[in-house]
Amino acid sequence: MEKSALIYVFLTFGCAVLGLLVRNEAYARAGHRGGRAYGEYAPVNREQARNLVAEFAIYCLLAGVSACRIATGHDYWVYRENFKIIAQDRHVSSEIGFNLTVKALIALFGYDNYLPIFGFFSVITVFLFVKALHDQGRHYAFSVFLFMACGYYFYSMNSVRYYLALAAALFSMKYVLRREYGKFILVILLAAFFHKTVLLVIPAYLLAEYLARGGIKKWHCVVMALFLISLVFGQRFYRFIIFKIYPYYENSHFDVGRLSYANLAKCLGTFALAGLAWFFVRKDKGEKPKDRGPCEEARREEEICMRFYLILTAFGLVAFCCGGFVPEVTRIGYYLIIPQIFLIPELIFKIKQGLVREICKWGTILAFAGYFFLILRKMYEADVRILPYLNWIFD
């Protein structure tokens, strides 16, 4: 493995270690509930100050490595050419928000001065990811590790527009859980000006939240079964609609119909972990009296949050199993399965039996560490090319 891969290894390890300094449980719990008390000014105590310093250090590391890259990513030079085309007022296929932002940055920094443009999108994308981890990651260090090990950060050095939209989608989940739907839709509409596929999360996230709060009824299962049948027998219809929106995807190198076994394994593994957690939580409830009052309400909100993440994982499993005919179905799937970085730690720490919890925790860490080293090897491939890592400071 090439030496620059060690930068990614040390970056992942360093961010996870810094994450251990963050105690985020109370803040994330309040963030899910929202309300008037959430976000009000309060004096910063020692623990909150330590949290902010550690999280700011994580942000600086991630933003610095991403913003200082050069020639890293298979579409790096494609984007550079698109920047020049946008500056010349010629047509490009990217969305209007992206084009206007690029034109403004070119006016500020000069023609073909592409490094600040990549840097700008890097710091914004990383900020949205880190803010989402801050707002929703109760088990912060574990969530940071999963975020890095799954490759979401590293792949953001490719597909600049898409990963900005993905970060916005992850950031917006808190508004769905708080039932602040106007804010959620506003964030997604703004993100759609950079990558319009993010519009799919509006029905997906709202439906998942509805099912998480109201429960799944028989008629929901009937509708889902009909939808699955339509995915199997109505592929020509769906492809017709897709290619009306993205005509340049038809018969391109994106239109290959590959099945992502790694993402299927992540979904199935998450469901296996959820089944194990449900078994032990149910066993504990049978032994202990049920709490009453505010604690019960808070517990219900946490359960709704976990069901929301789990339903999105189910949607992702459907996308990966039945959506192979969709070009770049992985991009759709990532919108649905990225909350696993919050769900998996929640499921593990729901298990009160110490030995079982430790086996699940370390088994998960080892599994994702192995997956991380597999994607490191893949980063050399021509259609990824995130390795070798180069930056404009030393290279």
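Side-chain atoms are counted along with the backbone in the values below, which use heavy atoms only and exclude waters and symmetry mates.
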**Message:** Could you go through Y76 and F118, starting from their C-alpha distance and side-chain angles, then the distance that decides it, and tell me whether this counts as ring-ring contact (aromatic ring centres under 6.0 Å, His included)?
**Reply:** CA-CA 9 Å; Y76 189 92; F118 280 111; 4.1 Å; yes
**Message:** Going by the rule side chain to side chain donor-acceptor pair (under 3.5 Å), which residues pair with E381 if we only count those two or more places apart in sequence or in a different chain?
**Reply:** none
**Message:** Tell me whether L170 shares a hydrophobic cluster with L189, the cluster being built from Ile, Leu, Val, Met, Phe, Trp, Tyr side chains joined at under 4.5 Å.
**Reply:** yes
**Message:** For F127 and F171, I'd like to know if the aromatic rings sit close, meaning centre-to-centre distance below 6.0 Å.
**Reply:** no
**Request:** Would you please indicate if the ring centroids of F129 and Y152 are separated by under 6.0 Å?
**Result:** no
**Fill in**
side chain to side chain donor-acceptor pair (under 3.5 Å) filter on S143, not counting sequence neighbours, yields none
**Message:** Whether the Y205 and S172 side chains hold a donor-acceptor pair (N or O, under 3.5 Å, no angle test) is what I'd like checked.
**Reply:** no
**Request:** In sequence, state the C-alpha distance, the side-chain angles, and the governing distance for Y111 and Q88, and then conclude on side chain to side chain donor-acceptor pair (under 3.5 Å).
**Result:** CA-CA 10 Å; Y111 180 76; Q88 297 164 8; 2.8 Å; yes
**Prompt:** I359: which other cluster members, linking ILVMFWY side chains closer than 4.5 Å, directly or transitively?
**Reply:** L355
**Message:** Let me check something: do F368 and V17 share a hydrophobic cluster, defined by ILVMFWY side-chain heavy atoms less than 4.5 Å apart, either directly or through other members?
**Reply:** no
**Item:** Ion pair D75/R385, N-O distance below 4.0 Å
**Value:** no
**Message:** Over 60° means perpendicular and under 30° means parallel, so tell me whether F142 and F349 are parallel, tilted or perpendicular.
**Reply:** perpendicular
**Asked** Does the distance from a Lys or Arg side-chain N to an Asp or Glu carboxylate O, for E346 and K350, drop under 4.0 Å?
**Response** no
**Request:** Check L128 against A167 and note the closest heavy-atom contact, atom names and distance.
**Result:** CB-CB, 3.7 Å
**Prompt:** Does Y140 use its side chain to pair, donor to acceptor, with the backbone of N51 at less than 3.5 Å?
**Reply:** no
**Message:** Is there a continuous path of hydrophobic side-chain contacts, each under 4.5 Å between heavy atoms, that joins F145 to L366?
**Reply:** no
**Request:** Without swapping roles, check the side chain of R23 against the backbone of L20 for a donor-acceptor pair under 3.5 Å.
**Result:** yes
**Request:** Answer yes if the ring centres of F271 and W278 are under 6.0 angstrom apart, and no otherwise.
**Result:** no
